[in-house]
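Quick notes on the structure that follows.
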Amino acid sequence: MPYKKILLATDGSDHALHAAAQTAMLAKHMQAEVEVLSVAVIHPLYGGLHLGAVGAEGIEEDAKRAAEAACNDTAEKLKAEGIPVTTVVSLAMGNPADAIC
């Protein structure tokens, strides 16, 4: 049974880009759409600190920007291969695997 949609989690690392290349081959073969997910991780320590509005927002925004860049870079590579792509950026405190699941 062919896959219709494939979830690809990325952090922009070389390993994630290798996974994207493998996903591209599978998606082409299965004629599947790929959903690229990147998780903006906020370290739990920052969640408990009173950094003030500017400090806390700055940390969160930096994490979101990095996740968006990883997500968009990966999505562009897949789109260049003619693969339909959607992107999702999720914000998580702690372990990114929990947000991916």
Between [atom1] of [X] and [atom2] of [Y], what distance do you get to the nearest 0.5 Å?
{"X": "Glu60", "Y": "Leu91", "atom1": "CD", "atom2": "CG", "result": "4.5 Å"}
{"X": "Arg65", "Y": "Asp62", "atom1": "CZ", "atom2": "CG", "result": "5.0 Å"}
{"X": "Lys4", "Y": "Gln31", "atom1": "NZ", "atom2": "CD", "result": "10.5 Å"}
{"X": "Ile83", "Y": "Met25", "atom1": "CD1", "atom2": "CE", "result": "10.5 Å"}

Show me the side-chain donor-acceptor pairs of residues 5-21 shorter than 3.5 Å, one per line, residues at least two apart or across chains.
unit_1: Lys5; atom_1: NZ; unit_2: Glu35; atom_2: OE1; d: 3.3
unit_1: Thr10; atom_1: OG1; unit_2: Gly12; atom_2: N; d: 3.1
unit_1: Thr10; atom_1: OG1; unit_2: Thr74; atom_2: OG1; d: 3.3
unit_1: Asp11; atom_1: OD1; unit_2: Ser13; atom_2: N; d: 2.9
unit_1: Asp11; atom_1: OD1; unit_2: Ser13; atom_2: OG; d: 2.7
unit_1: Ser13; atom_1: OG; unit_2: Ala16; atom_2: N; d: 3.2

Answer yes if Val88 and Val41 sit in the same cluster of Ile, Leu, Val, Met, Phe, Trp and Tyr residues linked by side chain heavy atoms under 4.5 Å apart, and no otherwise.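 Shared cluster, yes.
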
Do any side-chain atoms of residues 66-73 form donor-acceptor pairs under 3.5 angstrom with protein atoms, and if so which ones, sequence neighbours left out?
unit_1: Asn72; atom_1: ND2; unit_2: Glu68; atom_2: O; d: 3.2

Pairing of Glu81 and Lys77 as salt bridge, 4.0 angstrom limit: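 A salt bridge is absent here (no side-chain N lies under 4.0 Å from a carboxylate O).
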
Min side-chain heavy-atom separation Glu33-Val85 under 4.5 Å: no

Any side-chain heavy atom of Val36 sitting closer than 4.5 Å to one from Thr86? no

